[in-house]
Protein chains: 2
Amino acid sequence: MPDLPTERTSEISDDGEDLCCDLPHNGSAASTQQLQQAPLSSEKAQRMAEFLGFLADPNRLRILSILAEQEMCVGDLAMAVGMNESAVSHQLRTLRTIRLVSSRKQGRHVFYRLQDDHVFNFYQAVVEHLDEPAK
Amino acid sequence: MPDLPTERTSEISDDGEDLCCDLPHNGSAASTQQLQQAPLSSEKAQRMAEFLGFLADPNRLRILSILAEQEMCVGDLAMAVGMNESAVSHQLRTLRTIRLVSSRKQGRHVFYRLQDDHVFNFYQAVVEHLDEPAK
DNA sequence: CCAACATCTGAATTACTGTTCAGATATTAA
DNA sequence: TTAATATCTGAACAGTAATTCAGATGTTGG
């Protein structure tokens with residue numbers, strides 16, 4: 001894990017009386033609390049984190065990047081991303097569970113594809129996000 | 001990242017519809033591989049996963065949701081999200097390290113805010129994504 | 001100076017997640 | 001039917017990440 005060079009360059013030291021922490025923190029919860037809309041509800045934050053978490057894996061992203069182009073079966077996917085089939089199958093189960101992909105069976109093969117345009121669009125958004133220049 | 005060691009040596013077995021796996025997988029890579037573009041490079045997938053992974057935590061999202069509204073210091077953030085200050089500080093260090101937030105020091109307080117509009121916009125995109133109806 | 005406060009840090013514990021392994025299920029050809 | 005293929009599954013393992021804890025650093029007021 002990267003570490004930050006512990007930057008501690010502050011010369012400001014006027015008595016910051018004007019903003020929030022005029023009182024000791026643990027006693028003045030109420031006064032502090034009225035200042036904004038509540039943070040993301042725990043429940044919603046949970047859903048968001050879950051969704052992002054499912055996207056936040058290199059191998060899953062590579063799988064999705066392929067499925068964004070074309071439908072593909074498990075074995076070929078495994079080959080394309082360089083994982084063994086069991087691992088791919090596990091990941092696909094995950095992706096299927098949360099409805100990021102759907103599947104259709106044909107003979108002994110199971111073909112996977114992105115669940116819908118919504119998924120595709122979001123995937124594209126992330127790609128473009130990181131493609132941006134001067135990041 | 002291991003390669004698939006499984007050996008498949010068999011024959012064609014068509015069931016009337018031809019898509020990919022007419023041949024055992026490892027022999028027919030070329031025919032299978034007419035992907036328009038290679039899957040996401042490992043390196044890029046890694047970066048994407050890293051970025052998404054940093055977002056994929058309920059507490060970090062709640063912190064960001066607050067900072068999307070206004071600058072805030074550590075103690076107040078801790079109170080707002082219901083974590084102790086040490087945990088928040090750890091998370092903020094993470095967020096600072098990857099440049100999702102920046103900070104300014106004022107007296108004994110350190111105020112955090114979103115690093116830039118880019119971060120804000122992406123955060124909003126995720127929020128809207130999950131706000132969508134009939135998901 | 002000292003005491004209270006705000007934040008930060010490292011280490012340890014805990015919790016989570018992805019992969020591997022061994023084997024189960026299902027489909028098809030011979 | 002059996003053998004080969006394709007996929008799936010659960011359990012164990014390994015690596016990673018988040019939280020807690022105890023204490024360190026820096027800041028302000030008395």
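In what follows, chains are A, B, ... by sequence order, proteins preceding strands, each numbered from 1.
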Are Leu92(B) and Ser89(B) packed together at the side-chain level, in the sense that at least one heavy-atom pair is separated by less than 4.5 angstrom?
no
Report yes if some heavy atom in the side chain of Leu100(B) is under 4.5 Å from a heavy atom in the side chain of Thr94(B); otherwise report no.
no
Give the nucleotide from the list dC5(C), dC8(C), dC8(D) with an atom nearest to the side chain of Arg96(B).
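Of the options given, the side chain of Arg96(B) lies nearest dC8(C).
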Which one, dT27(D), dC8(C), dT5(D), comes nearest to the side chain of Arg108(A)?
dT5(D)
Name the pairs: protein N/O against N/O of nucleotides 21-25 of chain D, kept only if under 3.5 Å.
from    : atom 1 : to       : atom 2 : distance (Å)
dC21(D) : N4     : Ser86(B) : OG     : 2.7

Nearest whole Å is fine: how far is [N] [atom2] from [X] [atom1]?
X: Tyr112(B); N: dT7(C); atom1: OH; atom2: C1'; result: 8 Å
X: Gln46(B); N: dG15(D); atom1: CD; atom2: C1'; result: 13 Å
X: Met79(B); N: dT7(C); atom1: CE; atom2: P; result: 10 Å
X: Met83(B); N: dT19(D); atom1: CE; atom2: P; result: 4 Å
X: Ile63(A); N: dT19(C); atom1: CD1; atom2: C1'; result: 12 Å
X: Phe111(B); N: dT27(D); atom1: CZ; atom2: P; result: 15 Å
X: Leu92(B); N: dT19(D); atom1: CG; atom2: C1'; result: 14 Å
X: Asp76(B); N: dT7(C); atom1: CG; atom2: C1'; result: 13 Å

At under 4.0 Å between heavy atoms, what does Phe54(A) touch on the DNA or RNA strands: base, sugar-phosphate, or nothing?
nothing
Does the side chain of Arg93(A) get closer than 4.0 angstrom to OP1 or OP2 of dG10(D) through an N or O atom?
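Checking dG10(D) against Arg93(A), a side-chain N or O does come within under 4.0 Å of OP1 or OP2.
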Locate the shortest heavy-atom distance separating Gly53(A) from Arg60(A); write the atom from each residue and the value.
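Of all heavy-atom pairs spanning Gly53(A) and Arg60(A), the closest is O-NH2, 3.2 Å.
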Shortest non-hydrogen pair, Ala49(A) vs Ala56(B), comes out as O-CB, 3.6 Å
Taking the side chain from Asn59(B) and the backbone from Arg62(B), do they hold a donor-acceptor pair closer than 3.5 Å?
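Looks like no, no N/O pair under 3.5 Å.
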Do side-chain atoms of Asn84(A) reach the backbone of Ala87(A) as a donor and acceptor pair under 3.5 angstrom?
yes
First encountered from the 5' end of DNA chain C, between Lys105(A) and Gln91(A):
Gln91(A)
By salt bridge (charged side-chain N to carboxylate O under 4.0 Å, His left out), which residues pair with Arg113(A), not counting sequence neighbours?
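By the salt bridge (charged side-chain N to carboxylate O under 4.0 Å, His left out) rule, Arg113(A) matches Glu71(A).
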